[in-house]
Amino acid sequence: MLRLMRHHLGKVVAGAAVALTGTAVMVAVTLPGDAGAAQGEGRRGDPASAADGPGTRAQGEAGQPARPGVVERAPREGDRGTGRDPLTDGELRRAQDLALPRTLREDSRDVKGRPGPERLTTDLAEPNPSEAGRPDAPRRAVVSVYDYASDTYVTKTVDLSAGKVVGTDSQRGVQPPPNREESFEAARLLIAAPLGEGLKKDYRHATGKELTDADQLMVTGFVYRGRAEGDAPENLRDCGRHRCVRLFTKVKNGQWIDTRRFVVDLSARTVGRLD
């Protein structure tokens, strides 16, 4: 019996040690900073730590109290970047204006059916091999959009220095990752569809409230390519040529709701379910 008690006590102590270790990690992560521990010293010449007690103050190099943090104004952004600097706001606007002329905006449609293509990304283009490392290398941007009117993925390369489009590529059947607006539009269509009753029921069970809009959820969308990913139901066989999205949904500050079996065809604005 004595051996059993000692054995049990050992487990309890070991468990307490693990709990204390976990707590220490959490505290270390949530502390505002470790500048005082790295630069200041305690009254006994030891590095400042929690063991010194609540009366210990973090000190600077000359024994002075550490100064409070100061929020400084961000440096003014120039109209044009240099080298491999990220695109400035001005360059982003210029690239999109050059890549999306009026004719394209009038003839194409976004995810909600409004005039103009769905804007996906605008990134700094990689330099040509002969331009690598050159400070005077021309800055180019790659603008990618999706036209729901023709189910076409369009990328345009814009020379920002020359102010013109230097390359255009249009492809069908190519599906880049959905942007935030597309993912939320897919969630709105799912909520409004008969197949969305299960999602609304789970949301009501989790929160006690009614689910009426996608903004009540945290949503992540992934492209679904139909038969390219295996057998697809009849109503989802156009996916891949159409823009289709699967969803991962989560109650804000709450639990996940499994919606992985549902597929939203954003091109046809219909909802299907995988077997």
Side-chain angles (χ1 to χ4, degrees), residues 96 100 104-122 143-155 170-275:
Q96 292 173 1
L100 305 176
L104 177 60
R105 294 197 299 268
E106 290 177 349
D107 297 339
S108 58
R109 293 293 180 268
D110 68 5
V111 68
K112 292 187 175 182
R114 299 171 299 195
E118 185 67 31
R119 302 184 184 190
L120 300 179
T121 60
T122 302
V143 181
S144 66
V145 300
Y146 194 87
D147 177 16
Y148 278 88
S150 60
D151 275 308
T152 305
Y153 174 53
V154 181
T155 57
S170 299
Q171 301 180 74
R172 293 184 178 179
V174 175
Q175 298 295 340
N179 64 12
R180 182 180 184 277
E181 186 56 43
E182 289 175 310
S183 297
F184 273 84
E185 184 64 14
R188 293 184 188 102
L189 290 171
L190 175 58
I191 292 170
L195 286 174
E197 287 302 317
L199 170 60
K200 291 188 285 189
K201 180 180 179 181
D202 288 342
Y203 185 89
R204 189 185 311 116
H205 182 268
T207 66
K209 300 178 181 179
E210 297 298 325
L211 177 61
T212 58
D213 192 84
D215 290 334
Q216 297 169 254
L217 298 168
M218 294 179 63
V219 178
T220 303
F222 296 88
V223 165
Y224 174 71
R225 296 178 175 83
R227 282 179 285 190
E229 300 186 21
D231 292 336
E234 184 67 30
N235 63 340
L236 296 177
R237 290 187 179 178
D238 286 334
C239 291
R241 183 174 63 86
H242 283 185
R243 190 133 171 88
C244 298
V245 173
R246 295 176 69 181
L247 296 173
F248 286 77
T249 55
K250 183 179 184 294
V251 176
K252 286 186 176 180
N253 301 316
Q255 65 194 60
W256 290 94
I257 299 178
D258 190 356
T259 55
R260 292 173 295 172
R261 289 188 177 275
F262 299 107
V263 177
V264 180
D265 185 333
L266 290 171
S267 300
R269 301 186 70 80
T270 58
V271 180
R273 187 179 187 279
L274 299 176
D275 294 337

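Worth saying up front: this structure is predicted, and the values here are computed from it rather than measured.
Between K112 and E181 there is a salt bridge, with a side-chain nitrogen of the basic residue lying less than 4.0 Å from a carboxylate oxygen of the acidic one. Of the charged side-chain nitrogens involved, none lies within less than 4.0 Å of a carboxylate oxygen, so that K200 and E210 do not count as a salt-bridged pair.
With values rounded to the nearest 0.5 angstrom, R246 atom CZ is found 13.5 Å from S183 atom OG. Here Q171 contributes atom CD and D151 contributes atom CG; the two are 13.5 Å apart, rounded to the nearest 0.5 Å. In this structure, the separation between CG on L266 and OH on Y148 is 4.5 Å, given to the nearest 0.5 Å. Between the CG atom in L120 and the OG1 atom in T155 there is a gap of 10.5 Å [rounded to 0.5 Å]. One finds the NZ atom of K209 at 14.0 Å from the CZ atom of R204 (value rounded to the nearest 0.5 Å). Atom-to-atom distance recorded for F184:CZ and T220:OG1 is 8.5 Å, nearest 0.5 angstrom.
Looking only at distances, a side-chain donor or acceptor of R269 sits under 3.5 Å from a matching main-chain atom of V111. For the pair R243 (side chain) and P176 (backbone), a donor-acceptor distance under 3.5 Å is present. Put simply, the side chain of T259 gets close to the backbone of L247: a donor and an acceptor are under 3.5 Å apart. Side chain of T270 to main chain of A268: no donor-acceptor pair is present (N/O by atom type, distance under 3.5 Å, no hydrogens or angles). A side-chain donor-acceptor contact under 3.5 Å links K252 to the backbone of D215. Counting only distance, with no hydrogens or angles, the side chain of E182 and the backbone of N179 share a donor-acceptor pair below 3.5 Å. D147 places a side-chain N or O within donor-acceptor distance of the main-chain N or O of R109, the cut-off being under 3.5 Å. When atom types are taken as modelled, the side chain of R261 and the backbone of D275 share a donor-acceptor pair closer than 3.5 angstrom.
R172 approaches T152 most closely through the heavy-atom pair NE-OG1, 3.3 Å. The minimum heavy-atom distance between Y153 and V145, with the atom names listed, is CD1-O, 3.4 Å. Across all non-hydrogen atoms, the minimal contact from L100 to P117 is CD2-CG, 3.9 Å. Residues D265 and H242 share a closest heavy-atom pair of OD2-ND1, 2.9 Å. Shortest non-hydrogen contact noted between D213 and I191 is C-CD1, 3.7 Å. Taking every heavy atom of both residues into account, Y224 and D231 meet most closely at OH-O, 4.3 Å.
Q216 places none of its side-chain heavy atoms less than 4.5 Å from the side chain of T207. With contacts defined as side-chain heavy-atom distances shorter than 4.5 Å, the pair P178/V223 qualifies.
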In sequence, state the C-alpha distance, the side-chain angles, and the governing distance for V263 and C239, and then conclude on side-chain contact (heavy atoms from CB on, under 4.5 Å).
-> CA-CA 9 Å; V263 177; C239 291; 4.1 Å; yes

After noting the C-alpha distance and the side-chain angles of L217 and L211, does the key distance pass the side-chain contact (heavy atoms from CB on, under 4.5 Å) rule?
-> CA-CA 9 Å; L217 298 168; L211 177 61; 4.1 Å; yes

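For R105, the CZ atom is densely surrounded, since the number of other residues' heavy atoms within 6.0 Å is greater than 12.
A donor-acceptor pair shorter than 3.5 Å can be found between the side chains of Y146 and Q175.
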